[in-house]
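We name chains A, B, ... by the order of the sequence lines, and we start the count at 1 in each one.
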Amino acid sequence: MKTRSALLLGSLSAALAAFALTSPRVIAADKVDPVADAKAFQNFFFQKFPEVKHEDFVNGPYSMNADMKRQWQEKEEFPPYEFALDAGKEMFATPFKNGKTYADCFPNGGVGIRQNYPYFDEKEGKVVTLELALNRCREANGEQPYSYVKDEMASLTAYMAFTSRGKPMEIRIPDDPRALAAFENGKRYFYTRRGQMNFSCASCHVQSPGERIRAEVLAPALGILNAMPIYRSEWSGMGTISRRFVTCNSQTRAVPLEPQSDEYRDVEYFLSYVANGLPISGPGARP
Amino acid sequence: MASSIRVRATSNGDITEVQALIQHPMDTGLVKDPKGEVIPAHYIQQLTFECNGKDVFVADWGTAVSKDPYVKFSFKGAKKGDDLKISWTDNKGASDTTTAKIA
Amino acid sequence: MTTTSGPLATRRLILQGAASVALLGLGNLPFAPAHAAANDKYPEEAFKQKNEADAIKALYGRNAEPSNKVKLDAPEIAENGGVVPVSVTTTLDKVSSISFFVTENPFALAASYKIAEGTIPGVANRLKMAKTTKLVAIVEADGKLYSATKEVKVTVGGCGG
Amino acid sequence: MKRSLPLAMLLALSLAPAARAANEADYKAAYATAEAASKEAAGLRNQWTTTVATLAAARKAADGGDFDRATASAREAEALAKASIFQATTEKDAWKAMEIR
């Protein structure tokens with residue numbers, strides 16, 4: 001075993017050295033500047049894939065591979081998430097035992113607001129995601145919270161995403177040091193290598209979007225949450241953002257954290273903010 | 001509960017294009033559940049599309065048809081407003097039917 | 001597609017075999033193997049055949065010859081073995097049946113469609129494919145069988161876990 | 001994890017000729033250090049699934065009385081946990097190298 005971990009450390013440092021050389025100019029200033037980060041992030045992908053239309057990035061792997069795009073468009077004629085969408089609409093209209101509905105918990109009755117989630121809650125001093133807000137709405141009305149990785153939550157977020165389709169992602173970072181810290185924490189999580197595979201989210205979604213890991217084509221990180229929740233053929237079922245984070249972790253052999261832990265909320269905040277301006281395309285269908 | 005059959009029938013000229021998506025597990029009977037027990041076969045065997053009293057299209061399905069099955073075909077001889085009756089039966093004898101107006 | 005080991009699959013076959021025998025016993029109709037595809041009975045036997053040749057014989061009772069009039073559309077690399085969009089169109093006329101065979105699946109016959117008078121000879125559907133496989137589409141036109149074949153690459157996704 | 005069991009076997013073979021057969025005490029000691037390292041990794045919120053699986057394999061082998069394999073698995077689990085701790089500590093700053101600026 002000694003040899004194996006030594007091998008790992010060797011490859012780790014080699015990768016670091018190689019990457020330090022190739023990464024663009026390294027600025028010393030450690031001040032958190034989300035606006036500059038978002039601009040750099042988007043330009044990285046616009047320059048790396050000049051032929052991909054900017055709003056097409058939200059279609060994940062289908063913006064990277066023509067053959068898969070054709071298969072996707074065929075499926076979109078009658079997409080497999082139709083059932084989740086209808087179920088979500090029905091749940092949204094069904095009052096809780098106390099007579100209230102989800103519409104009472106959300107601005108504008110929960111219609112057409114998905115593009116503003118997640119937001120930074122200054123009272124709580126933390127990021128609040130759509131999935132978290134839905135469960136808090138349930139608990140505030142005396143109902144049991146839903147699992148973050150199962151169908152009910154996916155149906156609710158599918159309906160809310162559908163009502164925002166086409167609206168540009170619009171995430172705000174208030175002038176509050178805790179919000180900047182949450183953004184930075186999400187960025188750190190996104191670039192940190194984990195699991196025995198020693199991958200970070202960036203290893204796949206920044207270094208090699210468009211390439212294959214076995215049958216699947218990797219999606220670009222830009223706009224990667226815009227199509228959420230997604231019906232995945234792999235799961236033959238719906239998946240929320242929480243389910244996607246948890247399964248990505250276990251694929252790199254990292255033990256997943258609890259859904260909606262701070263790291264997940266912050267990385268969702270970071271990924272959504274840098275996708276500002278790109279359209280919401282959820283619910284989506286993916287391999 | 002809404003019917004398990006979602007159907008879209010649109011006619012232009014004499015040709016009516018029909019798309020159907022059906023909510024069904026389509027279990028092959030060859031897959032094990034997490035506890036290791038075999039999930040018994042449960043799949044739609046026959047799906048019939050009937051219009052103006054005639055079976056225009058009949059599908060015989062095996063275990064290799066995807067979960068939440070989808071099918072698309074077109075046929076002549078019907079016009080806007082005609083009724084299209086869709087019904088399926090599966091290997092457990094369950095069935096469902098729905099009627100859609102051709103748009 | 002995790003499949004169970006041999007004995008379980010055969011046990012399932014025996015069960016199904018018993019069921020169909022019972023059915024036959026019940027329906028003592030004249031079992032006329034007339035135009036096999038045209039009658040409404042579910043081609044139970046054909047769906048139980050393991051390989052493509054037996055399934056074609058059980059369903060149609062004769063062989064097919066390749067024809068470029070049958071246009072088979074399927075992805076080169078399947079996005080996911082569980083949901084492979086596949087479709088067939090043909091310029092042949094008097095088409096009475098279209099069927100799909102996935103040679104590497106446990107049971108080759110995947111789906112068979114009866115095309116009535118006046119129905120356009122074409123169908124699109126989504127099939128499961130266990131692994132990289134040949135996909136054969138057969139069209140029965142005016143009593144003769146025409147086929148088209150395509151290879152579809154199928155593998156799992158993701159980086160391991 | 002299919003892959004890690006043969007590794008454990010490999011390790012056991014390489015150790016066997018040198019040390020006498022491991023007994024329960026050896027196993028208990030090896031398991032304790034492995035578990036401590038694993039807890040530390042979990043504390044850094046950077047636990048690996050293979051560490052957890054190898055620890056479980058060690059317990060299973062011990063329950064079956066195969067202390068050779070149990071000790072080997074425990075040692076492998078310790079090495080995996082230590083590697084994950086090293087990963088967590090180096091990544092504290094290493095991630096900046098990958099950042100798009």
Atom pair [atom1]/[atom2] of [X] and [Y] - distance to nearest 0.5 Å:
X	Y	atom1	atom2	value
Q87(D)	T192(A)	CD	OG1	9.5 Å
R194(A)	W48(D)	CZ	CH2	12.5 Å
T51(D)	Q196(A)	OG1	CD	7.0 Å
I100(D)	K39(A)	CD1	NZ	14.0 Å
F41(A)	R101(D)	CZ	CZ	13.5 Å

*For M98(D) and Q207(A), what are the C-alpha separation, side-chain angles and deciding distance, and is it a side-chain contact (heavy atoms from CB on, under 4.5 Å)?*
CA-CA 9 Å; M98(D) 292 186 80; Q207(A) 282 182 332; 3.7 Å; yes
Anything in [range] with a heavy-atom distance to chain D below 4.5 Å? Please list those residues in order.
range	answer
residues 209-224 of chain A	none
residues 258-269 of chain A	S261(A), E263(A)
residues 43-61 of chain A	F44(A), F45(A)

task = Taking all heavy atoms of V52(D) and all of V255(A), pick out the closest pair and write down the distance.
result =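 Smallest interatomic distance, heavy atoms only, reads CG2-CG2, 4.0 Å.
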Taking a cut-off of under 4.5 angstrom between non-hydrogen atoms, the residues of residues 32-47 of chain D near chain A are R45(D), N46(D), Q47(D)
Okay, S200(A) and chain D: the region with an atom under 4.5 Å from a heavy atom over there is side chain
- prompt: Is the shortest heavy-atom distance from the side chain of Y191(A) to the side chain of E91(D) under 4.5 Å?
  reply: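 The answer is no; the side chains never approach within 4.5 Å.
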